[in-house]
There are 2 protein chains.
Amino acid sequence: MSFYDTTEQTRRDKILHAALKLFYAKGYFKTSVHEIREQADVSIGLLYRYFKNKEELAKTIYSDLQQETIDTFESIVAEHETASDCAKAIITFYFELAESYPEIIDFIVFARHKEIMPLGEPICSVGPPEIIQEMLAKAMENGEVRRMHPAVAAASLFGSTIRLIQFRLGGLLTEPLPTFVDQVFETAWDSIAVKP
Amino acid sequence: MSFYDTTEQTRRDKILHAALKLFYAKGYFKTSVHEIREQADVSIGLLYRYFKNKEELAKTIYSDLQQETIDTFESIVAEHETASDCAKAIITFYFELAESYPEIIDFIVFARHKEIMPLGEPICSVGPPEIIQEMLAKAMENGEVRRMHPAVAAASLFGSTIRLIQFRLGGLLTEPLPTFVDQVFETAWDSIAVKP
DNA sequence: AAAGGTAAAGTGAATGTTCATTCTGCTATA
DNA sequence: TATAGCAGAATGAACATTCACTTTACCTTT
């Protein structure tokens with residue numbers, strides 16, 4: 001199943017989509033399992049057949065989304081020669097996703113996972129930030145990016161993107177995000193690129 | 001009362017400090033009023049004399065912190081001539097606060113206020129982001145900063161700072177933040193400054 | 001300065017509600 | 001008619017909140 005695609009197939013998928021929507025609208029803790037049940041048009045019994053409990057439902061959403069994001073990033077990295085092309089593709093991806101599926105971005109980037117899944121062994125040890133930092137480390141090797149702490153480079157390159165999404169989701173920005181792709185990209189890239 | 005100062009005076013302050021600590025450690029929803037009561041060494045009855053309910057307790061913390069942040073920003077803006085000086089002072093302030101009082105930064109910047117206080121008329125209509133955007137708009141007028149959407153400028157200038165704090169609080173960065181003040185400032189400032 | 005009075009500060013057992021979760025039994029299909 | 005899949009009333013634990021009561025602090029009067 002893919003979260004980027006709302007054509008629901010199985011009842012299990014319906015539950016996952018309904019849960020994610022409600023988590024976005026009201027927050028994980030304010031969403032009751034019965035609301036999820038209702039929105040997914042499914043009985044509680046069935047819901048509990050598919051998912052051990054509410055937390056496992058959230059975990060499933062999280063790990064599915066995490067995996068989809070990792071796949072996306074990896075294919076972006078694979079399909080672009082330069083770090084600068086990667087960066088632009090990632091910003092574009094983020095902005096488009098934020099407009100089409102704010103609930104996904106919100107859950108991946110802004111949700112408080114440790115609060116929701118307290119005993120969580122990290123579902124997957126290498127997350128999107130690590131992929132990005134690795135890509136940037138390579139770009140430093142080959143002289144495309146200035147040498148600096150990889151975390152600082154990652155924050156400089158995508159911090160503004162993420163902050164702008166936060167503004168947008170919070171209603172502090174009314175224009176659609178894709179309007180700003182070029183501007184944000186150039187500004188951010190400039191800040192870490194090796195000067196000519 | 002000031003949150004930047006832990007010498008607790010009144011019992012009311014003790015409650016607020018205890019609550020903020022617990023909210024940071026476990027999250028708002030996972031913190032029970034009885035835990036706050038215990039940590040503050042106060043009876044439940046007294047807690048409910050001071051605060052109508054758990055939500056109002058959170059609201060009080062939020063608006064107090066919001067006000068302290070606004071005051072800080074306004075005095076920074078007042079005390080510095082150029083936008084660049086302001087920016088550096090704000091980054092320094094953020095980084096130092098994040099090291100000394102992570103719970104404060106976390107609650108101001110990363111907490112999901114709408115989840116916690118759903119029916120919230122905005123406690124105060126002009127928040128820190130607006131102050132920053134206003135400062136940047138002026139800096140665009142006088143030619144210190146390139147002309148662009150104020151939200152984009154704000155995101156470009158402080159997005160990396162905030163993202164780096166997020167890394168640090170999340171354990172993805174082990175070095176203390178103040179180490180990076182200069183580097184982050186120069187990188188961020190460069191990205192929005194008018195080129196010479 | 002002692003007694004009396006009263007408002008504020010404080011207590012914690014008891015209450016009631018909200019939910020996650022369970023589990024018995026129903027229904028449709030083979 | 002057997003059984004896998006499903007429904008939803010019932011359960012019970014966790015928790016926020018209340019309330020009837022006690023103690024303290026501080027006046028006021030004699």
Side-chain angles (χ1 to χ4, degrees), chain A residues 1 8-64 107 111-120 123, chain B residues 1 7-64 107 111-120:
Chain A
M1 99 93 109
E8 278 139 25
Q9 309 105 25
T10 68
R11 307 235 242 171
R12 188 170 176 279
D13 290 354
K14 260 182 126 172
I15 294 169
L16 290 168
H17 274 108
L20 180 60
K21 270 222 169 103
L22 285 165
F23 292 167
Y24 177 57
K26 327 183 37 177
Y28 174 81
F29 292 102
K30 291 256 183 197
T31 300
S32 79
V33 175
H34 285 269
E35 283 174 289
I36 298 171
R37 178 211 74 77
E38 193 181 349
Q39 171 97 20
D41 191 27
V42 139
S43 71
I44 327 181
L46 186 64
L47 193 153
Y48 274 92
R49 173 170 302 288
Y50 286 127
F51 305 99
K52 198 173 111 248
N53 52 36
K54 190 181 174 186
E55 187 181 326
E56 206 199 69
L57 179 49
K59 262 190 202 153
T60 304
I61 295 174
Y62 181 60
S63 64
D64 284 9
F107 200 79
R112 320 205 88 199
H113 304 116
K114 281 176 196 154
E115 231 166 284
I116 295 173
M117 319 162 211
L119 307 173
I123 285 161
Chain B
M1 101 93 118
T7 33
E8 279 142 24
Q9 309 104 28
T10 69
R11 308 242 234 170
R12 188 171 175 278
D13 290 353
K14 262 181 125 171
I15 295 169
L16 291 168
H17 274 109
L20 179 60
K21 269 221 170 104
L22 286 165
F23 292 167
Y24 176 57
K26 325 183 40 176
Y28 174 82
F29 292 102
K30 292 257 180 194
T31 300
S32 80
V33 176
H34 284 269
E35 284 174 288
I36 299 172
R37 177 211 76 76
E38 193 180 350
Q39 170 98 21
D41 190 27
V42 141
S43 71
I44 328 179
L46 186 65
L47 192 152
Y48 275 92
R49 173 172 299 292
Y50 286 127
F51 305 98
K52 198 171 114 249
N53 52 35
K54 190 181 173 187
E55 187 181 326
E56 207 198 71
L57 179 49
K59 262 190 201 152
T60 304
I61 294 174
Y62 181 59
S63 63
D64 283 10
F107 200 78
R112 320 205 86 201
H113 304 114
K114 280 175 194 153
E115 252 167 68
I116 296 173
M117 319 162 212
L119 308 171

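Residue numbers begin at 1 in each chain, while the letters A, B, ... track the order of the sequences. Computed from heavy atoms alone, side chains included, the values below leave out hydrogens, waters and symmetry copies.
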A:Arg11 vs D:dC6: side-chain N/O to OP1/OP2 distance below 4.0 Å: yes
Whole angstrom value for the distance that separates P of D:dG8 from CG of A:Leu47: 14 Å
Separation of atom CG in B:Leu57 from atom P in D:dT17, rounded to whole Å: 10 Å
Chi angles and distances behind the side chain to side chain contact (heavy atoms under 4.5 Å, CB included) call for A:His17, A:Lys21: CA-CA 6 Å; A:His17 274 108; A:Lys21 270 222 169 103; 5.9 Å; no
Spacing of B:Glu35 atom CD relative to D:dC15 atom C1', expressed in whole Å: 11 Å
Interatomic distance, B:Lys59 atom NZ to B:Asn53 atom CG [nearest 0.5 angstrom]: 7.5 Å
Nucleotide D:dC15, atom P - distance to CZ of B:Arg37 in whole Å: 14 Å
Atom-to-atom span, CG of B:Asp13 to P of C:dA9 - whole angstrom: 14 Å
Nucleotides 15-26 of chain C: protein proximity per nucleotide (B base, S sugar-phosphate only, - neither; heavy atom, under 4.0 Å): -----BBB----
CZ-CG distance between B:Arg11 and B:Asp41, expressed to the nearest 0.5 angstrom: 7.5 Å
Atom-pair distance (CD on A:Glu38; C1' on D:dA7), nearest Å: 15 Å
Whole-Å distance separating the CZ atom of B:Arg49 from the P atom of D:dT24: 16 Å
Test item: B:Phe29 and B:Glu115 side chains (from C-beta on) under 4.5 Å apart, heavy atoms: yes
Shortest non-hydrogen contact from B:His34 toward B:Ile44: CE1-CD1, 2.7 Å
Value in whole Å for how far the C1' atom of C:dG10 lies from CZ of B:Arg12: 16 Å
Min side-chain heavy-atom separation A:Phe107-A:Tyr62 under 4.5 Å: yes
